Structures are given as C-alpha cells and as structure tokens.
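The block underneath contains the structure these notes are about, expressed in structure tokens.
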Amino acid sequence: WDFTTEGEPDAIAPTVASLSPAAAATGVTINGNLSVTFTEPIQAGSGNIAIRRANNSLVASYPVTNPEIVISGNTLTIDPSVDLPSQTTLFVVIPQYAVYDLAGNNFQGILDGSTWQFTTADITALLITFLGPVHNATGVGANTNIYLSFNEAIQVSSGDKYIRVKRLSDDTEVTSVHTSSSYIGITFDVNVEIDLFGGTTGELPENTDLYVEVDSGFFVDMSGNAYEGFSGNTVWRFRTSDYRSPEVLSFSPLDNATEV
C-alpha cells in the first residue's frame, strides 16, 4: 500500500532576480534586447509591457503575447521592433498581471519609473551647422578668426590633431592650429571661435584663395564621439580681400629729374 503525499501548494509569486540592462545602466545600445530573469519559471499573463522616456512619454508598447515578448524558462525578453532613442533616459513598465509562475501566482509588476531605468548610448553624429567665413566667401579680412558651430555640445580633443589653412593654388600650408592651442574658444557649448595666429600679428595672404582642413577627431562630443573632419578644398574655401593700398614703385621721369 504505497502512496505519495502532496506538498504544500506553491503560493509564492515570482520576483525579479536580475535585469538586463541593469537598473541605472548607461551607454545602453539602442538596438539590443531587454530582459528580466525571474526567480522561477514563468508564463505569459495579460497586459502591455511599455518602454517610456523619463518624462513618461511612450517609446513602445507590446502586449505580453506579442512576438516582441519572448518567454523562456525564467526569462522574459523584450525585442523592440524599433531602435530606442539615442542618449535618452528610459524605463520599462511591466503590469501586475503580465507574468505568472507555473502555479498561477502573478508577478507584482514593475510599475514605477525608477526600478528599471537606464540611459541609452549617444550615437548622434557630430555635424557642423555653420562655417564662418562661409564657404566660397570673398573679401575675407587678413586677420579674421574662423568660426564653426555644431549640432550638439562639443569639446576639443586631447589628441595630436590640427586645423590647417592652405592655398588653393598649390596646397601649401599658410597656418595651422593644434588641439593644444589656448586660442580656441567655445561658447554655448556648440560655437567655436579660433584665432588662426594664436594672438600674434600674423595675417592671411591678401587676395588669395584659401581652404581649411579639419583633422578627424579634432573635436569630440561630450560622450567622446569624434567629429569625422574633412580634407581637400571642396568643403570650406574662401578668398581674402585685396586689403593693401597701392604703393608707387617708381616714377618716370624720376622725382627732381631735369632736362625731361
């Protein structure tokens, strides 16, 4: 006469064992999966799992039974159908009845904006929005500074990089500015002013076609992403003014000549 007794029924709800990315993580890839590992095997319940910005605006929302939500053993994986926004603080909401254990106990959910919050990586390309003098400008002053503006906050890198000004006629270098120069000014995080001659009395040659080259990595954004730079004479070219007054080189007849 053999028999087996049953143990106490499972009344313990599943809880979170780990999150990926972890709470408060930074630099999170924008096209990766998000996953929750629970303390026991789980199954889908009902409701929508949402990804939201810190201001609570919606990025994406998926019913727990959708293909974007995959449950395998203890793990629930979110495979977003869109890339997450770059350099953005996000949080994930899992409603209370979205997940059950195999005994039917429901997960209490992740309902607030801080339990599973993270920040995505900065992948925004660093772009120039203004050049001064403008490309193909004429009449540029001999002692002009040059100006660049960017689409996001920038800084000068610590690398061995240069900005060079060259003659269009023969590609010879007129002057250059190294990243270590103290004559590079940045205002409002995005606007750059550069004194080409480092506070000296140097001047650009008059009535001359010039072009500017910027080494890749001379500027970086606040996440360290490098500006790609540009070379050659097609991006930033200008012509200096004829700024010197004419001078007399000779007289004929000579001054004070006689018997002319």
Side-chain angles (χ1 to χ4, degrees), residues 16 18-37 49-62 68-70 76-94 110 112-132 135 146-164 177-194 212-232 235-236:
V16 171
S18 64
L19 299 169
S20 179
T26 58
V28 174
T29 180
I30 65 167
N31 56 6
N33 292 343
L34 316 175
S35 65
V36 190
T37 299
I49 295 176
I51 304 169
R52 294 183 175 274
R53 294 178 179 85
N55 65 5
N56 207 40
S57 62
L58 185 66
V59 173
S61 178
Y62 306 109
E68 291 86 358
I69 308 299
V70 177
L76 180 150
T77 300
I78 307 167
D79 183 6
S81 57
V82 296
D83 286 349
L84 302 177
S86 169
Q87 200 175 8
T88 303
T89 298
L90 304 171
F91 65 92
V92 180
V93 175
I94 300 178
I110 298 175
D112 60 83
S114 58
T115 298
W116 195 6
Q117 184 186 84
F118 53 87
T119 302
T120 53
D122 176 10
I123 64 162
T124 302
L126 192 55
L127 302 174
I128 284 180
T129 59
F130 172 77
L131 295 172
H135 181 54
I146 60 172
Y147 301 85
L148 309 89
S149 294
F150 290 86
N151 63 329
E152 60 175 307
I154 57 96
Q155 55 191 332
V156 177
S157 78
S158 58
D160 185 23
K161 306 292 183 179
Y162 285 88
I163 293 176
R164 297 176 174 85
V177 178
H178 190 258
T179 48
S180 61
S181 171
S182 59
Y183 289 88
I184 303 172
I186 298 176
T187 57
F188 299 106
D189 295 329
V190 297
N191 301 319
V192 182
E193 180 179 3
I194 301 174
V212 182
E213 295 181 323
V214 178
D215 281 352
S216 175
F218 189 101
F219 298 105
V220 296
D221 67 14
M222 307 314 286
S223 297
N225 299 314
Y227 174 59
E228 64 182 2
F230 51 84
S231 59
V235 177
W236 195 3

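Keep in mind that this is a model prediction, so the values were computed, not measured.
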Reported [atom1]-to-[atom2] distance for the pair [X] and [Y], which is rounded to 0.5 angstrom:
X      : Y      : atom1 : atom2 : result
Ile154 : Asp189 : CD1   : CG    : 8.5 Å
Phe91  : Phe118 : CZ    : CZ    : 10.5 Å
Ile194 : Ile184 : CD1   : CD1   : 5.0 Å
Trp236 : Ser231 : CH2   : OG    : 14.5 Å

Next on the checklist: side chain to side chain donor-acceptor pair (under 3.5 Å), that's the test. Do Ser114 and Asp112 meet it? Break it down for me.
Outcome noted: CA-CA 6 Å; Ser114 58; Asp112 60 83; 2.9 Å; yes
Next on the checklist: I need the minimum non-hydrogen distance between Leu58 and Ile51, along with the two atoms involved.
Outcome noted: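 Where Leu58 meets Ile51 most closely, the heavy atoms are CD1-O, 3.7 Å.
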Item to check | Intermediate values then yes/no, side chain to side chain donor-acceptor pair (under 3.5 Å), Ser81 and Tyr62 | outcome: CA-CA 9 Å; Ser81 57; Tyr62 306 109; 3.0 Å; yes
Do the non-hydrogen side-chain atoms of [X] and [Y] ever get within less than 4.5 Å of each other?
X      : Y      : value
Phe150 : Leu126 : yes
Phe219 : Ile163 : yes
Thr77  : Leu34  : no
Leu19  : Ile110 : yes
Val214 : Val235 : no
Asp79  : Val70  : no
Ile128 : Tyr227 : yes

Checklist entry - Who pairs with Tyr162 by ring-ring contact (aromatic ring centres under 6.0 Å, His included), at least two apart in sequence or on another chain? => result His178
Next on the checklist: Please enumerate all residues that pass ring-ring contact (aromatic ring centres under 6.0 Å, His included) together with Phe218, with sequence neighbours excluded.
Outcome noted: none
Distance-only, no hydrogens or angles: does the [X] side chain make a donor-acceptor pair with backbone N or O of [Y] under 3.5 Å?
X      : Y      : result
Thr88  : Thr120 : no
Ser86  : Ala121 : yes
Ser223 : Asn225 : no
Thr129 : Ser149 : yes

Next on the checklist: For a side chain to side chain contact (heavy atoms under 4.5 Å, CB included) check, start with the C-alpha distance between Arg53 and Leu90, then their side-chain angles and the critical distance, and finish with the verdict.
Outcome noted: CA-CA 4 Å; Arg53 294 178 179 85; Leu90 304 171; 3.9 Å; yes
Item to check | Ser57 vs Asn55, side chain to side chain donor-acceptor pair (under 3.5 Å): CA-CA, chis, key distance, verdict | outcome: CA-CA 6 Å; Ser57 62; Asn55 65 5; 2.7 Å; yes
Sequence neighbours excluded and cut-off under 3.5 Å, please list the side-chain donor-acceptor pairs for residues 24-31, or say none.
| residue | atom | partner | partner atom | Å |
| --- | --- | --- | --- | --- |
| Thr29 | OG1 | Asn31 | OD1 | 2.8 |

